Amino acid sequence: IGVMAGTAQAQAYPTRPVVMIVPFAAGGPTDVIARIVGEHMSRTLGQQVIIENVAGAGGTTGITRGAQAAADGYTIMMGHMGTHGAAPALYPKLRYDPTTDFEPIGLAAGTPILIVAKKDFPANNLAEFATYVKANAAKLNEAHAGVGSVSHTTITMLNAQLGVKPAQVAYRGTGPALNDLVSGQVDFMCDQIVNLVEQVKAGTIKAYAIATPVRSPALPDLPTTTEAGMPDYQVSAWNAVFAPKATPKEIVAKLSDALDKALSDEGTRKRLLDLGGVIPEGRERTGAYLGEFVKAEVARWTPILKASGAVAN
Ligand code: MLT
């Protein structure tokens with residue numbers, strides 16, 4: 001009877017709003033992607049997708065909460081390269097395993113990384129930036145969204161390439177970090193493009209390069225790291241939807257279908273593309289793809305981050 005009731009519930013799903021946990025502050029890249037995608041998913045599901053920001057510990061607080069939620073489809077989460085790729089290497093006591101504790105739903109957006117600084121930072125291009133940071137590292141502050149976040153992982157890579165260790169300021173997301181970059185309280189950061197396009201266009205921050213092989217249509221004047229003389233700095237992040245492990249297959253399928261429809265919708269696509277987001281191809285929007293991708297990401301990041309020595313307490 002329990003199984004039958006479960007199946008009937010899965011068929012009727014969803015009969016009430018679905019909470020999507022965003023493990024970072026409101027207004028930042030993961031939040032923005034979740035709101036854009038969630039809005040269209042709610043049209044397909046016929047129920048509201050409510051964003052709940054549960055920030056802290058580089059996104060691992062919110063993902064831990066999501067992993068432990070009831071596996072009934074009413075709590076899902078937007079994870080990313082940090083929470084589901086970098087975190088295992090950096091948190092010895094991490095209370096979830098990205099590769100086994102979730103039902104992957106699908107990739108939501110690729111997010112190239114930009115190197116940005118406060119607007120009066122005394123460097124006008126990436127070569128000058130590298131020279132200045134090397135010479136002045138001891139007096140500079142770099143911002144990130146907590147150990148294991150995308151901004152932390154990617155600034156760790158940049159520090160290693162430049163051979164520097166500036167002071168770090170940890171935020172509950174790069175939304176608030178960006179506010180402090182705009183007001184000049186911190187000097188620079190590496191962050192996902194979707195958080196930055198508007199400020200770069202407005203000239204309230206400086207952008208030096210995009211760490212991808214080709215330029216972004218959202219910021220066509222911004223050189224790639226290769227063009228700007230730092231070809232070894234190549235990194236792009238991703239955000240993806242997950243449900244807790246053991247969420248019924250029918251519900252996972254409905255969520256993947258709603259994500260797929262959102263990413264096929266012209267209005268949703270335009271909003272993501274205008275912010276520099278990269279829209280996943282059809283097969284990348286499936287749980288099967290995302291499950292394999294997460295395994296590959298954990299395997300890719302673990303040796304890099306262990307070697308960096310940037311372990312959390
Ligand atoms: C955020 O939404 O604040 C980011 O995804 C943080 C990060 O991982 O750098």
Side-chain angles (χ1 to χ4, degrees), residues 20-38 51-66 76-91 94 96 98 107-117 141-159 168-182 186 188-199 205 207 210-211 233 235-242 271-272 275-278 294 297-298 301 304-305 308 310 312:
M20 186 188 284
I21 294 177
V22 165
F24 293 98
T30 302
D31 183 70
V32 166
I33 292 166
R35 284 174 202 273
I36 292 173
V37 168
I51 304 300
E52 189 184 336
N53 299 88
V54 183
T60 62
T61 302
I63 298 300
T64 299
R65 178 158 339 157
I76 58 175
M77 64 216 97
M78 186 66 80
H80 73 359
M81 187 198 86
T83 61
H84 285 73
L90 297 171
Y91 288 89
L94 191 64
Y96 62 85
L107 279 172
T111 47
I113 299 299
L114 268 54
I115 302 170
V116 293
N141 294 310
E142 54 190 21
H144 63 66
V147 172
S149 63
V150 167
S151 44
H152 170 264
T153 304
T154 55
I155 201 101
T156 299
M157 281 176 66
L158 185 70
N159 288 345
Q168 298 194 332
V169 186
Y171 292 84
R172 293 170 75 75
T174 52
L178 180 62
N179 291 340
D180 274 9
L181 194 70
V182 169
V186 285
F188 64 97
M189 67 176 173
C190 296
D191 193 14
Q192 298 165 79
I193 187 168
V194 294
N195 200 34
L196 304 169
V197 166
E198 285 169 15
Q199 301 289 359
I205 58 172
I210 182 167
Y233 191 72
V235 60
S236 213
W238 49 270
N239 289 258
V241 182
F242 297 86
R271 289 172 74 190
L272 290 170
L275 295 173
V278 177
V294 166
E297 283 288 279
V298 172
W301 282 108
I304 296 173
L305 292 167
S308 79

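The structure presented is a predicted model; accordingly, all values stated were derived computationally and were not measured. Sequential numbering from 1 along the given sequence is applied to the chain's residues. Both ligands and their constituent atoms are indexed starting at 1 by order of listing.
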Note to self: Working note: His144 + Gln168, criterion side chain to side chain donor-acceptor pair (under 3.5 Å); need CA distance, chi angles, decisive distance, verdict.
What the structure shows: CA-CA 7 Å; His144 63 66; Gln168 298 194 332; 3.0 Å; yes
- prompt: Do side-chain atoms of Tyr96 reach the backbone of Thr60 as a donor and acceptor pair under 3.5 angstrom?
  reply: no
> Just by distance, do the side chain of Asp191 and the backbone of Leu196 share a donor-acceptor pair under 3.5 Å?
Replying inline: no
*asked:* Determine whether Asp180 and Val169 satisfy the following criterion, side-chain contact (heavy atoms from CB on, under 4.5 Å), listing intermediate values before the conclusion.
replied: CA-CA 10 Å; Asp180 274 9; Val169 186; 5.9 Å; no
Given Met77 and Val241, is the side-chain contact (heavy atoms from CB on, under 4.5 Å) satisfied, shown in steps?
CA-CA 6 Å; Met77 64 216 97; Val241 182; over 6 Å; no
Expected contact list for ligand 1 at under 4.0 angstrom, heavy-atom basis, is Phe24, Gly28, Pro29, Thr30, His80, Ala145, Ser149, Val150, Ser151, Gly173, Thr174, Gln192
Tell me whether Tyr233 contacts the main-chain N or O of Thr154 through its side chain, where contact means a donor paired with an acceptor under 3.5 Å.
yes
